[in-house]
Amino acid sequence: MGRLDGKTAIVTGGGAGIGRATSERFAAEGAKVIIAEINETNGAETAEAITAAGGQCRFVSTDVTQEETIKNMVAETITTFGRIDIVVNNAAVFVLHGIEATVEQWHQSLDTNVIGTSLVSKYAVEEMRKTGGGSIVNLGSISSFLGQPNFVTYNATKAAIATMTRCMALDLADDGIRVNAVCPGTIWTQIVEKNTAEVGLDRAAADADPDWGGACFLKRIADPSEVAAAILFFASDDASYCTGAHLMVDGGYSAQ
Ligand SMILES: NC(=O)c1ccc[n+]([C@@H]2O[C@H](COP(=O)([O-])OP(=O)(O)OC[C@H]3O[C@@H](n4cnc5c(N)ncnc54)[C@H](O)[C@@H]3O)[C@@H](O)[C@H]2O)c1
């Protein structure tokens, strides 16, 4: 028996990194999964791999900055699986600039990370209300709470996610919809792999490096599956009394 048997989940950005690991874990726990992803190659390939492994999964091409594609994705979810129980707002862009950021860079960051999260929730909630509730899991970050050099455009969006999570939890409580956030530290996904490679570090060296894995108590970078496990907790009925909460998955980084 899986922890998500009988439930349908939407995972935005489910074609790579944390979103892919979450989609795979959810399917293994019995959920029917919709991968709402802008990268058609990765979205389709992930859905195929999950299906080949015995899971129930469908890719729906989605750009969370485009309202019409979100509406279409929600409609396709209902047509395919009949209901929505879980939404994981995982899709994000890493627009990393200080105060010299242009208006275009600000829009790029805000449109995907903040407005995208809000709009996906808005249209999914309309369906979740019809079946008596559900769970929304937003992806925050250590960057929701900390100052980091030249990260103004990214951290502002992740701080917004933290506050949106609390406000949405309040607004949706009477609908039986819980809203929580998982806040990762440094996770081995494409952005971290690229940035460490640029300074000549492979995975083992990045784990040990004081600026990367070595910066947290556990002295290593995490795998995406370790974040997926925390997302699963909030998504599942095990978290029945959790709403408006933030769970740090950061190897102790923010506890320093
Ligand atoms: N990797 C980390 O170290 C880390 C740390 C803290 C927080 N996070 C958060 O975790 C989440 C996932 O991060 P990741 O490292 O796995 O990212 P990633 O870049 O590996 O994956 C993100 C996915 O989102 C998709 N996406 C981007 N824009 C989209 C859009 N407009 N519509 C639909 N899909 C879109 C991308 O195609 C990609 O598949 C993000 O919210 C990120 O802010 C990551």
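Remember, it's 1-based here, ligands and their atoms both numbered in the order they're listed.
The nearest heavy-atom contact from the protein to atom 21 (O) of ligand 1 is Gln190 NE2, 3.9 Å. In this structure, atom 33 (C) of ligand 1 lies nearest to the protein heavy atom Thr62 O, 3.2 Å. The nearest protein atom to atom 37 (O) of ligand 1, hydrogens excluded, is given as Glu37 OE2, 2.5 Å; this is a heavy-atom distance. Among all non-hydrogen protein atoms, the one lying nearest atom 26 (N) of ligand 1 is Ile38 CG2, 3.7 Å. Ranking protein heavy atoms by distance to atom 14 (P) of ligand 1, first place goes to Thr189 OG1, 3.7 Å. Counting protein heavy atoms only, atom 16 (O) of ligand 1 is closest to Ile18 N, 2.8 Å. Looking only at protein heavy atoms, the nearest one to atom 28 (N) of ligand 1 is Thr112 CG2, 3.9 Å. In terms of protein heavy atoms, atom 43 (O) of ligand 1 is closest to Tyr154 OH, 2.6 Å.
The 12-atom threshold is exceeded at CG of Asp202, counting heavy atoms of other residues, nucleotides or ligands nearer than 6.0 Å.
Under 4.0 angstrom from ligand 1, the non-hydrogen atoms of Lys158 all belong to its side chain.
In terms of polar-atom proximity, defined here as any N/O pair under 3.5 Å, Gly19 makes no such contact with ligand 1. The distance criterion of under 3.5 Å between nitrogen or oxygen atoms is not met by Val192 with respect to ligand 1. Residue-to-ligand polar distances keep Ile191 apart from ligand 1: every N/O pair is separated by 3.5 Å or more. Inclusion of Val64 in the set of residues having an N or O under 3.5 Å from an N or O of ligand 1 is warranted. The shortest N or O to N or O distance between Thr186 and ligand 1 is not under 3.5 Å.
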inquiry  = If you apply the rule salt bridge (charged side-chain N to carboxylate O under 4.0 Å, His left out), what do you find for Lys71 with Glu67, and how did you get there?
reply    = CA-CA 6 Å; Lys71 286 188 197 172; Glu67 193 166 11; 5.1 Å; no
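In this comparison of Gly17, Ala21, Ala92, Gly14, the heavy atom closest to atom 27 (C) of ligand 1 sits on Ala92. Heavy-atom proximity to atom 4 (C) of ligand 1, evaluated over Ala16, Gly185, Gly43, is greatest for Gly185.
Short contacts between ligand 1 and Ser141, defined as distances under 4.0 Å to a heavy atom of the residue, involve ligand atoms 6 (C), 7 (C).
Grouping Ile, Leu, Val, Met, Phe, Trp and Tyr by side-chain contacts under 4.5 Å, direct or through others, puts Ile221 with Phe94, Leu96, Phe151, Tyr154, Trp188, Ile191, Val192, Val199, Leu201, Trp212.
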